Amino acid sequence: MFGHGSHLLSSKDLTREDLERIFEEAEKMLPYARKEKFGDILAGKVLATLFYEPSTRTRFSFEAAMIRLGGQVISNPEMVITSSAAKGESLKDTGETVSRFADVIAMRHFEAGAVAELAKGSSVPVLNAGDGSADHPTQGLLDAFTIWREFGSLDGLTIGMMGDLKYGRVPHSQYEILSKFGVKFVFIAADGLEMPDKYEGERVKDVSEVISDLDVLAVTRVQKERFDGGEFDYRVDSELLKSAKEKMIVIHPLPRVGELAEEVDADSRAKYFDQITNGVAVRMALLRIVCGYGE
Ligand code: NCD
């Protein structure tokens with residue numbers, strides 16, 4: 001069971017029970033995610049954020065979550081260049097070292113498995129903030145929390161995933177988390193970006209074939225930093241949403257780079273900016289739980 005002292009390395013490790021508990025905790029944190037402070041329950045605790053890959057939302061989100069719980073943050077967003085990684089230090093040794101400064105670690109890395117490797121050396125909880133194409137559990141959690149809040153439950157929903165389902169870690173995390181509930185998956189991807197075979201769902205190339213069946217359209221950008229080449233042309237716009245259910249929601253982890261038109265922002269079904277606030281609440285819930293203060 002996910003709890004006091006746990007690492008969060010893989011979305012797969014979370015049970016349905018863990019997920020429901022995290023959603024309920026996050027719901028309690030939500031009023032404090034954007035203003036004021038929940039309190040000082042993590043006063044005296046230190047979060048270290050170690051980022052070996054670019055980030056705007058995830059790192060700030062973890063840091064804001066810690067501060068709103070009364071804790072403090074030490075941060076290196078440029079680990080590749082300015083940490084001892086540049087001198088050849090092993091991830092395990094970095095984990096051992098940082099866990100002597102911090103009570104909890106959030107880490108992003110460009111290689112699958114690197115976060116688990118650092119966790120081997122760490123005596124404090126390590127939270128995976130994205131590792132290569134493999135996993136991004138806190139993003140999957142905040143996506144699922146966003147859907148759970150909109151629909152009141154997850155069971156029975158049809159989830160369309162559209163975009164880079166091959167190299168994107170977010171679709172993989174969404175699958176591992178949402179598959180703990182009774183959802184149906186539709187994978188919408190061009191040739192070369194398909195969801196790996198081990199994931200079970202309906203597979204289509206063109207979103208217009210399925211748009212009217214979906215409760216959730218989960219969009220992602222092409223992860224061009226993870227492979228060579230290929231031009232892909234897919235886009236969610238207001239015209240497409242004319243064929244969607246009135247209650248369908250559009251989610252996106254952001255950043256967007258052309259696959260999601262700005263005109264969609266004005267549509268009440270667009271939830272991607274609300275997801276950012278939901279993400280702070282989810283990370284507050286996780287920090288509370290792993291530090292031993294979750295209910
Ligand atoms: C995602 C990531 O880093 O995997 N971004 C995020 O955390 N919000 C998605 C992406 O970069 O496309």
Side-chain angles (χ1 to χ4, degrees), residues 8-12 26 33 49-65 75 77-80 105-116 126-147 159 161-178 187-190 192-196 199 216-227 230 232 234-236 249-261 264-265 270-284 286:
L8 176 54
L9 300 176
S10 164
S11 299
K12 254 193 201 151
T49 53
L50 315 184
F51 277 58
Y52 295 75
E53 244 197 359
S55 167
T56 297
R57 275 153 291 272
T58 306
R59 187 171 60 89
F60 281 161
S61 178
F62 267 110
E63 295 179 356
S75 181
E78 290 192 318
M79 286 295 284
V80 172
I105 296 171
M107 172 185 172
R108 168 171 290 185
H109 199 282
F110 49 88
E111 258 172 36
V115 180
V126 177
L127 309 175
N128 182 353
D131 65 325
S133 292
D135 207 346
H136 189 352
T138 64
Q139 181 70 44
L141 275 168
L142 78 89
D143 295 339
F145 177 58
T146 301
I147 303 168
I159 315 280
M161 291 185 194
M162 173 180 176
D164 188 346
L165 309 187
K166 182 168 182 190
Y167 299 99
R169 54 195 168 206
V170 174
H172 305 156
S173 304
Q174 288 170 339
Y175 181 94
E176 295 297 352
I177 288 170
L178 294 169
F187 305 137
I188 307 147
L193 299 180
E194 299 102 329
M195 195 76 164
Y199 299 104
V216 176
L217 179 60
V219 190
T220 45
R221 73 179 171 94
V222 178
Q223 307 283 299
K224 64 172 177 20
E225 68 274 40
R226 304 209 191 281
F227 65 106
F232 299 94
Y234 61 89
R235 188 170 164 88
V236 173
I249 62 167
V250 181
I251 62 171
H252 192 305
L254 302 176
R256 60 177 157 188
V257 289
E259 69 288 345
L260 176 55
V264 176
D265 300 1
K271 298 297 171 196
Y272 32 91
F273 290 113
D274 293 341
Q275 281 176 265
I276 298 171
T277 310
N278 292 344
V280 177
V282 164
R283 293 179 177 111
M284 288 173 80
L286 294 171

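Both ligands and their constituent atoms are indexed starting at 1 by order of listing. Keep in mind that what you see is a predicted model, and the values were worked out from it rather than measured. Worth knowing before you read on, the calculation uses all heavy atoms, side chains too, and leaves out hydrogens, waters and symmetry mates.
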Problem - Lys/Arg cation over aromatic F51: R108, 6.0 Å, 45° cone - result: no
Handout entry: Working for side-chain contact (heavy atoms from CB on, under 4.5 Å), residues R169 and Q223
Key = CA-CA 9 Å; R169 54 195 168 206; Q223 307 283 299; 5.5 Å; no
Practice task
Decide salt bridge (charged side-chain N to carboxylate O under 4.0 Å, His left out) for E53 and R226; before the verdict, give the C-alpha distance in whole Å, the side-chain angles of both, and the deciding distance to 0.1 Å.
Solution key: CA-CA 12 Å; E53 244 197 359; R226 304 209 191 281; 2.9 Å; yes
Exercise for the section: For ligand 1, would you mind listing the residues that have at least one heavy atom less than 4.0 Å away, ordered by chain and number? Expected result: R57, T58, R108, H136, Q139, R169, V170, R221, Q223, P253, L254, P255
Problem - Student check: side-chain heavy atoms of T146 and N278 closer than 4.5 Å - result: yes
Handout entry: Main-chain N/O of F273 paired with Q275 side-chain donor or acceptor, under 3.5 Å
Key = no
Completion exercise
Residues passing the ring-ring contact (aromatic ring centres under 6.0 Å, His included) test with F60, sequence neighbours excluded, are none
